[in-house]
Amino acid sequence: MATSKRRSANDGKQTTKKEPAKDSAAPREERRKSPSRTTEMRTALSKGKGPRTASGKRGNPEQLAAAQAEAHEWLRERTEQGHRAAGRTPPSQRAEPRPSTPARRIDDDIRDFTGPATEDEKLLQMPHSHRGDFTRTDPWRVMRIMGEFIEGFDDLASIEKGVSIFGSARPPPDDPQYQAAVETARLLAEAGFAIITGAGPGIMEAANKGARTGGGRSIGCNIELPFEQGANPYVDTLVNFRYFFVRKTMFIKYSSAFIIFPGGFGTLDEAFEALTLIQTGKIYQFPVILFGRHYWAGLIRWLQSRVLLEKKISPGDMDLMLLTDDPREAAHAVVEAWNATSKRP
């Protein structure tokens, strides 16, 4: 009896020990069946969640359209703020357009306008009756581009020594960057250099003002935008362009140096355009001067810690850029490079 009781007790204990083993095995089985993090991410992507923008918003066509509209509005606001800061009424708010600035349509000859986004806009849009018009064909566009090159060459061919100065359209005349741009351009003008800008307000205006103060030639290469940018009053020679790439060619062709003041996408575009041409051996002894060490510090750190570290560029590429906060240093670097290229004492 005792033995049988012990066995029955032991049997009970053995059963008790086995039950937890079964319970612990169940979660393992569930873990095997549960999807991994990679699978979840792939599933999320397959459901259309997709990537996000740099600010964390969903990267879908609606968000892109909204971002483009906002970017356009902010660009207009930045440009107009530069005019207001200089005490002028922005071109879009003037009662009558200036006679010297004829109204022009937005140029969509390179790529047809892709909108509209809503069904109402599609309903109200004019039919594409221009499709057969010769003036909207590629051969005609090529002739227009050629004409724009010829006009730019005619207006700027007399430049022997030129420096392009870029930067934001926003800084007012009392801004230290504005004042530094005036001084830099003045020193270069006194050294015999023509000053070339994008003709707008802010840093561009400051550079044209410095050119006039220093007795040099003040040139503005204006670009057609969806809104009228308007040229600053310190431009002596104004050339209007429809195409960004034609305008960029003029900046490079008639300049012996770029001075890059703090600015946005357009400023960065000009800087990296020049750096690429130097890196690939298209132009020589062409200083690219980043003015404002504090502003450009983050970009330089990223280039060093990421781009250079991953060997996307070479160590020597970092030396293609000069950094300074001193107008005299910037002007001296330009003069030195010019003398080296021209083999002058």
Side-chain angles (χ1 to χ4, degrees), residues 75-76 78-94 96-107 144-171 173 178 181-182 184-186 188-189 193-256 258-259 261 263 266-267 269-270:
L75 173 62
R76 183 190 63 79
R78 287 196 302 272
T79 303
E80 293 190 349
Q81 182 177 340
H83 284 293
R84 287 193 295 268
R88 295 188 300 275
T89 302
S92 64
Q93 297 178 11
R94 294 172 187 162
E96 296 180 0
R98 298 189 330 186
S100 60
T101 310
R104 294 180 295 177
R105 66 174 176 80
I106 300 173
D107 197 316
R144 287 186 61 187
I145 292 168
M146 289 175 59
E148 195 155 299
F149 271 114
I150 291 170
E151 182 182 355
F153 292 157
D154 279 346
D155 290 335
L156 304 178
S158 60
I159 299 175
E160 295 183 1
K161 299 164 60 178
V163 177
S164 289
I165 298 180
F166 305 98
S168 172
R170 179 173 290 185
Y178 184 106
V182 172
T184 302
R186 183 188 68 80
L188 288 168
F193 289 88
I195 303 300
I196 308 171
T197 77
I203 295 299
M204 295 172 280
E205 175 185 311
N208 289 128
K209 182 178 180 180
R212 182 173 291 184
T213 304
R217 187 174 176 185
S218 178
I219 302 164
C221 295
N222 194 27
I223 187 67
E224 181 187 55
L225 296 173
F227 55 90
E228 185 184 351
Q229 175 180 250
N232 68 71
Y234 302 102
V235 173
D236 299 326
T237 302
L238 179 64
V239 189
N240 290 304
F241 294 93
R242 293 185 179 93
Y243 303 102
F244 267 106
F245 65 90
V246 179
R247 178 178 180 245
K248 288 165 68 175
T249 301
M250 301 302 155
F251 283 136
I252 289 287
K253 180 174 177 61
Y254 294 105
S255 295
S256 56
F258 276 8
I259 301 180
F261 280 80
T267 303
D269 178 47
E270 300 296 349

Q: Could you grab the distance from atom OH of Y243 to atom CZ of R144, nearest 0.5 Å is fine?
A: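 Here the rounded value is 4.0 Å.
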Q: If every non-hydrogen atom of R242 is compared with every non-hydrogen atom of E148, which pair is closest and at what distance?
A: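 Reported closest heavy-atom pair: N-OE2, 2.8 Å.
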Q: Distance check, rounded to the nearest 0.5 Å: R247 atom CZ versus E270 atom CD?
A: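 Atom-to-atom, R247:CZ and E270:CD are 6.5 Å apart.
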Q: What heavy-atom pair brings A185 and I165 nearest, and what distance separates the two atoms?
A: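 Scanning both residues, the minimum pair turns out to be CB-CD1, 4.0 Å.
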Q: Taking C-beta and beyond as the side chain, do C221 and L156 meet within less than 4.5 Å on heavy atoms?
A: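 C221 vs L156: side chains touch.
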Q: Looking only at non-hydrogen atoms, find the nearest pair between S255 and V163 and report the distance.
A: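 Closest approach of S255 to V163: OG-C, 4.0 Å.
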Q: Taking only residues two or more places apart in sequence, or in another chain, which ones meet T184 in a side chain to side chain donor-acceptor pair (under 3.5 Å)?
A: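 Applying side chain to side chain donor-acceptor pair (under 3.5 Å) to T184 gives none.
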Q: Counting only N and O atoms by type, is there a donor-acceptor contact under 3.5 Å from the side chain of E205 to the main-chain atoms of Y234?
A: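 Absent.
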Q: May I have the step-by-step check of side chain to side chain contact (heavy atoms under 4.5 Å, CB included) for L188 and I259, ending in yes or no?
A: CA-CA 11 Å; L188 288 168; I259 301 180; 3.7 Å; yes
Q: Begin from the C-alpha positions of I145 and F245 and carry the test side chain to side chain contact (heavy atoms under 4.5 Å, CB included) through to its verdict.
A: CA-CA 10 Å; I145 292 168; F245 65 90; 3.7 Å; yes
Q: Any side-chain heavy-atom pair from V235 and I219 closer than 4.5 angstrom?
A: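 A side-chain contact is absent here, since even the closest heavy-atom pair is not under 4.5 Å.
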Q: Whether the R84 and T89 side chains hold a donor-acceptor pair (N or O, under 3.5 Å, no angle test) is what I'd like checked.
A: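 No.
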Q: Which residues pass the ring pair (Phe, Tyr, Trp, His ring centres under 6.0 Å) test with F166, sequence neighbours left out?
A: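 Result, ring pair (Phe, Tyr, Trp, His ring centres under 6.0 Å) vs F166: F251, F258.
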Q: How long is the gap from CZ on R217 to CD on E160, to the nearest 0.5 Å?
A: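 Answer for the CZ-CD pair, R217 versus E160, is 10.5 Å.
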Q: Using a 3.5 Å distance criterion without hydrogens, assess whether the side chain of N232 forms a donor-acceptor pair with backbone atoms of G200.
A: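 Indeed, once roles are kept as given, a pair shorter than 3.5 Å links the two residues.
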Q: What heavy-atom pair brings I195 and N208 nearest, and what distance separates the two atoms?
A: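 Looking at all heavy atoms of both residues, the shortest contact is O-ND2, 4.2 Å.
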Q: Would you say the side chain of I159 lies within less than 4.5 Å of the side chain of I196, judging by non-hydrogen atoms?
A: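 Yes, close enough: below the 4.5 Å cut-off.
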Q: Please name all residues satisfying side chain to side chain contact (heavy atoms under 4.5 Å, CB included) with S168, sequence neighbours left out, ordered by chain then number.
A: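 Expected list: R170, P171.
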Q: Residues two or more places apart in sequence or in another chain: which of them pass side chain to side chain contact (heavy atoms under 4.5 Å, CB included) with P233?
A: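 Testing P233 for side chain to side chain contact (heavy atoms under 4.5 Å, CB included), a comparison that skips the adjacent residues, returns R88.
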Q: Can you list everything that forms a side chain to side chain contact (heavy atoms under 4.5 Å, CB included) with V182? Sequence neighbours excluded, please.
A: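 Counting only residues at least two positions away or on another chain, V182 forms a side chain to side chain contact (heavy atoms under 4.5 Å, CB included) with Y178, A206, K209.
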Q: If the condition is salt bridge (charged side-chain N to carboxylate O under 4.0 Å, His left out), which residues does R212 pass it with, not counting sequence neighbours?
A: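 Residues passing salt bridge (charged side-chain N to carboxylate O under 4.0 Å, His left out) with R212: D236.
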Q: Which residues satisfy the side chain to side chain contact (heavy atoms under 4.5 Å, CB included) test with F153, sequence neighbours excluded?
A: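 Partners of F153 by the side chain to side chain contact (heavy atoms under 4.5 Å, CB included) criterion, ordered by chain and then number, come out as F149, M250, K253, Y254.
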Q: Write down the atom of D155, the atom of T237, and the distance for their closest heavy-atom approach.
A: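 In this case the closest contact between D155 and T237 is O-CG2, 4.4 Å.
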Q: A181 and F261: which non-hydrogen atoms are nearest, and at how many Å?
A: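 Heavy-atom minimum between the residues: CA-CZ, 3.5 Å.
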